[in-house]
S.K.: 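Dropping a structure here in structure tokens format, bear with me for questions.
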Amino acid sequence: MINLLQIHTPVPKDIPLPLPLPEWLLVILLVFSFLLHIIFISLMVGGSIVTLWAEIKGLKDKRFDFFANEVAKTITVNKSIAVVLGIAPLLSIGTLYTMYFYSANALTGFAWIMIIPLVTIAFLLTYLHKYTWYTLKDSKRIHIAIMAVSVLIFLFIPLIFLTNVNLMMFPEKWGAVHGFISALLLPNVFPRYLEFMGSCVAVTGIFIVWYNGRKNYPVEEIYQQTFSRTELKKTGYSIALLGLALQIIFGVVVLFSLPAKGVSFDVIAVMAGAGFLLAVALWYTYRTLTGAPEKIDLYFKRIVTLMLVYMVFYGSSRQMYRNHALSKHQALMAARSAEFEKLSKEAADHPVQEQQQLAPDPALGSVAKGAALFQTNCSGCHRKDEKLVGPPMTEMVTIYKDNINGLEAWIKKPGKRRPDFPQMPTLTQLSDADRQELAKYILSIK
Amino acid sequence: MDFPMFHLDWLNDRFLIAAVAILHVCINHGLAVGFIPYITWLEQKGVASAAKNQITDPEWDNLVYKKMKVAFIITTTLGAMTGVGIWFSVVLVSPASIGSLIRVFYWAWFIEWLVFCTEVILILIYFLTWKSANKSFKSKIRHIRFGWFLSVFSWITMAIIVSILGFMMDPGNWNTNHSLLNGFSNPIYIPQLLFRTPTAMLLGGVFGMTLTTIFARKEAELKQRAVKYAGQWILAWTPLVLAGAVFYWHVMPAAMKDNLSVAVGSIQFQQYYDILKYFIIGIGSLSVVLAVFAVWKPRRIGFRYVIVPCLLVFGFLGIFERVREFIRKPYVIGGYMYSNLLRKQDYPLYKRDGILKYATYTSVTEVTADNKLEAGKMVFINACSRCHTTNGINSIVEVFENIYGKGKPLEEKSMESYIPNMHNGRTFMPPYPGNQKELEALVAYIKHLQQTGEHLEGAQTEGVSINPQWDEDHVAESAEKNNEQQEKKLAHNP
């Protein structure tokens with residue numbers, strides 16, 4: 001009884017081809033290309049959240065309306081870069097973890113493929129929002145609603161990705177998963193999601209500081225004296241402060257809710273180290289906000305560096321975790337694959353059926369070869385004296401009785417004669433000699 | 001077999017890939033490769049026809065800008081996402097084949113990715129600097145030059161991708177020579193490129209004319225001029241499309257005969273091939289008529305006249321892609337993996353022991369009288385479901401009814417003798433992989449489908465049943481046993 005209820009952990013056969021690169025190099029490519037991708041994803045998601053917030057705030061305070069417009073302009077550019085940068089990590093994770101990632105994709109298939117239309121819609125909405133800024137200035141509610149829908153979609157998509165990268169690490173759960181929702185509810189998805197949202201807001205805040213600090217960016221002209229450069233930078237820092245705080249809080253939750261399977265001291269050490277870097281960044285951000293306005297740029301470089309190093313640390317700890325979680329399973333998979341290759345080779349070296357089929361039956365004398373050919377190539381559709389797919393052999397004999405060449409010609413290039421029969425396909429695998437043997441056999445039927 | 005089987009039982013799995021891919025190719029060809037040179041050409045016309053004291057004709061420039069804006073928005077949303085969508089859908093439907101391909105062609109795709117990144121950034125620059133480039137004559141000229149540069153770059157992107165598609169259709173070489181250069185040396189590479197290039201230009205021109213009739217409908221003079229230019233553009237490229245198509249059409253069967261054992265003679269292929277022929281003739285003459293009319297009587301051309309040719313020209317490209325895809329069958333990776341995702345070299349083992357024994361995801365491993373229908377269902381999922389549905393598009397019941405007669409009860413004995421031989425007559429079909437008992441189970445299941453109209457859910461809703469034989473503990477045990485045996489062997493003959 002217990003055995004029946006037990007959910008098995010599948011060990012599939014691996015793709016029986018070597019990796020295109022040494023594993024460590026693929027891991028480096030995966031981690032770094034993913035970081036690049038995720039920076040722009042953060043700017044896209046965080047940017048649209050900030051735009052929505054600022055535009056709503058702008059209903060009462062006009063300054064924030066200008067601000068929302070400026071941030072909105074960056075989303076459509078960042079999103080294009082984000083998408084195209086996503087291809088390399090997708091390619092790399094598929095190469096490194098083919099059996100795990102693709103299995104998770106299939107198990108959450110509907111949600112996985114829905115990413116394509118959903119993101120397309122969200123992108124179209126961001127353009128609509130951007131290009132109707134002035135035409136819809138008297139219908140602000142509608143204009144804000146457009147952004148709100150796009151933000152909702154952007155908030156949902158990371159859940160699908162996180163569910164997949166989480167599910168791939170737990171083959172023992174695959175048998176219990178029935179669609180996306182059940183995979184979404186596996187432990188650790190939501191804490192990681194909230195941590196990621198904090199990170200989106202933090203990265204966007206720092207981006208806003210940089211964006212407004214560029215020398216050739218005409219702040220006075222755009223904001224018509226309502227916002228000064230320093231005030232804009234302060235807004236950016238405030239956003240970053242909030243994001244960093246959220247990130248640290250949920251980061252701690254992630255750390256404590258990590259399923260034990262892949263945890264080890266080095267994973268915890270690297271993750272905690274990453275968390276410490278964030279805490280320092282938070283402290284510098286706080287110092288900037290409470291410090292003198294002329295010192296607004298003092299810690300900028302430090303904060304950016306801390307956040308980038310954090311990302312490398314955190315990304316690496318994730319990779320280490322994945323590695324620990326899967327290494328035992330990967331070894332089993334390799335064992336099963338090797339065993340299968342051996343069996344497959346043995347069977348290929350001693351095939352059973354195929355030879356029997358073609359071996360002519362000596363009892364049939366001169367038509368034995370034709371009979372064997374008929375068995376393999378024609379018997380699926382033709383019987384001796386009943387109609388199957390094509391007409392029975394006895395009918396062929398009536399038509400081609402004294403015309404063996406005609407029968408050969410027909411087999412070589414069949415046509416369509418009867419309305420109630422499908423056309424016979426050309427059998428390209430037959431040689432002229434084969435056709436001759438076949439025709440001889442068919443006409444020998446009585 | 002080794003992946004949970006995602007399955008769309010009405011729409012058909014292949015249809016999902018085809019829909020996404022064809023949409024992507026249409027956008028790539030019609031709105032990028034063929035459209036950007038057309039737009040740059042028009043942008044240049046604006047500068048050439050400007051009054052002495054102006055950098056460009058502002059009304060004209062604005063019309064061209066608006067057209068580019070549409071292409072820009074569509075390519076960076078639907079175009080980009082369908083590009084990613086090809087990956088997403090192929091991963092779901094055909095994980096074993098794409099998993100194998102990326103292990104061999106990782107670098108090819110990595111290079112393609114770099115080219116893509118560059119192209120996206122160039123398109124962003126071209127479109128987003130349009131208005132600011134209008135400030136001086138010098139910067140406008142630079143912008144136009146940049147447009148030509150982008151045009152060449154988009155074309156190179158296409159040329160590389162056609163090669164990447166080419167290697168997948170160069171079957172003989174898969175097992176021996178894993179190199180991207182195979183794609184370029186594929187005998188249909190040059191004809192394909194010679195056909196795709198002018199077709200893209202034609203698509204760009206027709207799409208451009210359609211946009212003109214929308215954006216300039218109220219400005220008669222402007223519209224007349226733009227329609228006329230589009231007519232000239234189409235007239236210039238149509239002969240090349242026809243020449244390219246005829247070249248391709250003649251080269252393909254010969255190339256395929258040498259390359260693939262496939263189906264040049266198969267009925268289905270012949271049908272697609274014939275449709276393509278009529279489409280080539282039809283689209284060629286339609287484009288000429290439209291273009292001549294546009295040059296001769298530009299004032300008469302309105303949205304109503306252009307939209308139908310526009311849709312047909314894009315449809316033509318769709319049919320072409322369908323034919324191109326078909327010649328790959330019965331393989332998904334030529335000579336190596338069949339379209340049911342089973343490796344050719346594993347067939348003897350499956351034929352001997354059955355496929356269910358080795359399937360990771362199946363509820364039945366040994367066919368018995370009691371589990372026959374369930375076993376048949378498992379064989380169907382593992383061997384047929386990549387291309388066939390139960391009762392939807394390309395339904396398994398329908399294909400058998402086409403052979404044995406609509407609505408007639410299927411006859412099990414006939415099917416059992418037909419299926420193991422079907423690949424001889426229908427060369428686009430992979431051979432049947434399993435053993436005799438599984439064949440009987442499969443036939444019983446198909447007959448059951450005909451009687452009940454039952455549906456089959458994929459792993460994305462149903463989840464998976466795991467073959468207990470390939471459970472973690474079981475595999476660990478047998479791996480240990482193997483190790484012990486090996487150690488014993490070593491101990492005996494040191």
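In what follows, chains are A, B, ... by sequence order, proteins preceding strands, each numbered from 1. None of these values were measured; they are calculated from a predicted model.
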S.K.: Quick one: which of A:V83, A:L85, A:V77, A:I81 has the most heavy-atom pairs under 4.5 Å with chain B, could you say?
M.R.: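 Result: the option with the highest number of such pairs is A:L85.
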
S.K.: Where on B:W470 is there a heavy atom nearer than 4.5 Å to chain A: the side chain, the backbone, both, or neither?
M.R.: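 When you check distances to chain A, atoms from both the backbone and side chain of B:W470 fall under 4.5 Å.
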
S.K.: Would you check if A:F340 and B:D346 make a side-chain contact, meaning some heavy-atom pair closer than 4.5 Å?
M.R.: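 With C-beta onward as the side chain, the pair touches.
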
S.K.: Could you grab the distance from atom CG of A:L125 to atom OG1 of B:T77, nearest 0.5 Å is fine?
M.R.: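 So the gap between those two atoms works out to 10.5 Å.
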
S.K.: Can you tell which of A:T108, A:L19, A:L124 has the highest number of heavy-atom pairs within less than 4.5 Å of chain B?
M.R.: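 The answer is A:L124.
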
S.K.: Between B:K69 and A:Y131, is there a side-chain heavy-atom distance shorter than 4.5 Å?
M.R.: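 A side-chain contact exists here, since the closest heavy-atom pair is under 4.5 Å.
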
S.K.: Mind ranking A:T98, A:L91, A:L90 by heavy-atom pairs under 4.5 Å with chain B and telling me who comes out on top?
M.R.: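 Most pairs with chain B among the choices: A:L91.
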
S.K.: With a 4.5 angstrom heavy-atom cut-off, could you sort out which part of A:P18 is near chain B: side chain, backbone, both or neither?
M.R.: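 A:P18 touches chain B through backbone heavy atoms alone.
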
S.K.: Set out, in order, the CA-CA distance, both residues' side-chain angles and the distance that settles side-chain hydrogen bond (donor to acceptor under 3.5 Å, both in side chains) for A:S92 and B:Y106, then state yes or no.
M.R.: CA-CA 8 Å; A:S92 303; B:Y106 184 83; 2.8 Å; yes

S.K.: Between A:A335 and chain B, with a heavy-atom cut-off of 4.5 Å, which part of the residue counts as in contact: side chain, backbone, both or neither?
M.R.: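 Side chain only.
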
S.K.: Walk me through it: do B:I98 and A:Y102 pass the test side-chain contact (heavy atoms from CB on, under 4.5 Å)?
M.R.: CA-CA 10 Å; B:I98 196 72; A:Y102 291 176; 3.6 Å; yes

S.K.: Is it the side chain or the backbone of B:V120 that comes within 4.5 Å of chain A heavy atoms, both, or neither?
M.R.: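 Only the side chain of B:V120 comes within 4.5 Å of chain A.
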
S.K.: Just so I understand: if I count every heavy-atom pair under 4.5 Å between each of A:P12, A:S80, A:G175 and chain B, which residue has the most?
M.R.: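 Most pairs with chain B among the choices: A:P12.
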
S.K.: Quick one: do A:L21 and B:W107 satisfy side-chain contact (heavy atoms from CB on, under 4.5 Å)? Show the steps, please.
M.R.: CA-CA 9 Å; A:L21 294 173; B:W107 283 115; 3.3 Å; yes

S.K.: Select one option (side chain, backbone, both, neither) describing which atoms of B:M1 are under 4.5 Å from chain A's heavy atoms.
M.R.: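 The side chain, not the backbone.
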
S.K.: Measure the shortest side-chain to side-chain distance between A:Y127 and B:F72 over non-hydrogen atoms and say whether it is less than 4.5 angstrom.
M.R.: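 A:Y127 reaches B:F72 side chain to side chain.
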
S.K.: For the residue pair A:I113 and B:S89, establish whether any side-chain heavy-atom pair is separated by less than 4.5 Å.
M.R.: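 In short, these two side chains touch, coming nearer than 4.5 Å.
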
S.K.: Among A:T76, A:L29, A:L430, who wins on heavy-atom pairs under 4.5 Å with chain B?
M.R.: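 Max contact count across the listed options: A:L29.
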
S.K.: Between B:L16 and chain A, with a heavy-atom cut-off of 4.5 Å, which part of the residue counts as in contact: side chain, backbone, both or neither?
M.R.: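 The side chain, not the backbone.
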
S.K.: So which part of B:L114 gets closer than 4.5 Å to some heavy atom of chain A, the side chain, the backbone, both or neither?
M.R.: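 Interface part for B:L114: neither.
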
S.K.: How far apart are the C-alpha atoms of A:N377 and B:N421, what are their side-chain angles, what is the distance that settles it, and do they pass the side-chain contact (heavy atoms from CB on, under 4.5 Å) test?
M.R.: CA-CA 6 Å; A:N377 294 296; B:N421 293 310; over 6 Å; no

S.K.: side-chain hydrogen bond (donor to acceptor under 3.5 Å, both in side chains), that's the test. Do A:R336 and B:T360 meet it? Break it down for me.
M.R.: CA-CA 11 Å; A:R336 188 193 160 192; B:T360 306; 2.9 Å; yes

S.K.: Who among A:W112, A:F180, A:F110, A:F101 has the most heavy-atom pairs with chain B under 4.5 Å?
M.R.: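 Option with the greatest count: A:W112.
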
S.K.: Look at B:G83, B:G458, B:C117, B:A80 and state which one has the largest set of heavy-atom pairs under 4.5 Å with chain A.
M.R.: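 Looking at each option in turn, the highest pair count goes to B:C117.
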
S.K.: Identify which part of B:N482 has an atom lying under 4.5 Å from any heavy atom of chain A, answering side chain, backbone, both or neither.
M.R.: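 Just the side chain, heavy atoms under 4.5 Å.
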
S.K.: Tell me if a side-chain donor or acceptor on B:W113 pairs with a main-chain N or O of A:V84 at a distance below 3.5 Å.
M.R.: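 Judged by distance alone, yes, a pair lies under 3.5 Å.
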
S.K.: Contact part of B:L8 toward chain A, heavy-atom cut-off under 4.5 Å: side chain, backbone, both or neither?
M.R.: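 For B:L8, side-chain heavy atoms alone lie under 4.5 Å from chain A.
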
S.K.: So how far is it from A:I15 CD1 to B:R343 CZ, rounded to the nearest 0.5 Å?
M.R.: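 Here the rounded value is 9.5 Å.
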
S.K.: Under a 4.5 Å cutoff for heavy-atom pairs, which residue among B:I74, B:L124, B:V20 has the most contacts with chain A?
M.R.: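 Ranked by heavy-atom pairs under 4.5 Å with chain A, first place is B:L124.
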
S.K.: Show the numbers, then the answer: is there a side-chain contact (heavy atoms from CB on, under 4.5 Å) between A:L107 and B:F6?
M.R.: CA-CA 7 Å; A:L107 287 168; B:F6 173 89; over 6 Å; no

S.K.: Could you check if a side-chain atom of B:E472 sits within less than 4.5 angstrom of a side-chain atom of A:E172, using non-hydrogen atoms only?
M.R.: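 A side-chain contact is absent here, since even the closest heavy-atom pair is not under 4.5 Å.
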
S.K.: Looking at residues at least two apart in the chain, or sitting in another chain, which of them share a side-chain contact (heavy atoms from CB on, under 4.5 Å) with A:K412?
M.R.: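 Testing A:K412 for side-chain contact (heavy atoms from CB on, under 4.5 Å), a comparison that skips the adjacent residues, returns A:D432, A:R435.
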
S.K.: Name all residues meeting the side-chain contact (heavy atoms from CB on, under 4.5 Å) criterion together with B:S414; count only those two or more places apart in sequence or in a different chain, and write none if there are none.
M.R.: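 Testing B:S414 for side-chain contact (heavy atoms from CB on, under 4.5 Å), a comparison that skips the adjacent residues, returns A:R383, A:L388, B:Y404, B:E411.
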
S.K.: With chain A as the partner, which of B:Y358, B:Y350, B:F116, B:W87 has the greatest number of non-hydrogen pairs under 4.5 Å?
M.R.: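 Winner by heavy-atom pair count: B:Y358.
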
S.K.: Is the shortest side-chain heavy-atom distance between A:H8 and B:N467 below 4.5 Å?
M.R.: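 In short, these two side chains do not touch, never coming nearer than 4.5 Å.
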
S.K.: Below 4.5 Å from any heavy atom of chain B, which atoms of A:K413 appear? Answer side chain, backbone, both or neither.
M.R.: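 Neither the backbone nor the side chain of A:K413 comes within 4.5 Å of chain B.
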
S.K.: Based on non-hydrogen pairs under 4.5 Å, which of B:A479, B:A459, B:P4 is most in contact with chain A?
M.R.: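 Top count of heavy-atom pairs under 4.5 Å with chain A: B:P4.
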
S.K.: Do NZ/NE/NH1/NH2 and the carboxylate oxygens of A:D14 and B:R103 come within less than 4.0 Å?
M.R.: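 B:R103 and A:D14: salt-bridged.
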
S.K.: Side chain, backbone, both or neither: which part of B:F400 has an atom under 4.5 Å from a heavy atom of chain A?
M.R.: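 Nothing of B:F400, per the 4.5 Å heavy-atom cut-off to chain A.
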
S.K.: Can you say whether B:I102 sits under 4.5 Å from chain A via the side chain, the backbone, both, or neither, judging by heavy atoms?
M.R.: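 Contact with chain A: backbone and side chain both.
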
S.K.: Dump the intermediate steps for salt bridge (charged side-chain N to carboxylate O under 4.0 Å, His left out) on B:R352 and A:E346, then the final yes or no.
M.R.: CA-CA 11 Å; B:R352 191 186 75 191; A:E346 272 168 24; 5.4 Å; no

S.K.: Between the main-chain N or O of B:E462 and the side-chain N or O of A:H178, is there a donor-acceptor pair closer than 3.5 Å?
M.R.: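 Indeed, once roles are kept as given, a pair shorter than 3.5 Å links the two residues.
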
S.K.: Can you establish whether the number of heavy atoms outside A:K13 located under 6.0 Å from its atom NZ is more than 12?
M.R.: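 More than 12 within 6.0 Å, yes.
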
S.K.: Could you tell me which portion of A:I115 (side chain, backbone, both or neither) has an atom closer than 4.5 angstrom to a non-hydrogen atom of chain B?
M.R.: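 Both backbone and side chain.
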
S.K.: Is the closest basic N to carboxylate O distance between B:K481 and A:E339 below 4.0 Å?
M.R.: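 No, B:K481 and A:E339 are not salt-bridged.
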
S.K.: Counting only heavy atoms closer than 4.5 Å, note whether B:Y361 contacts chain A via side chain, backbone, both or neither.
M.R.: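 The side chain, not the backbone.
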
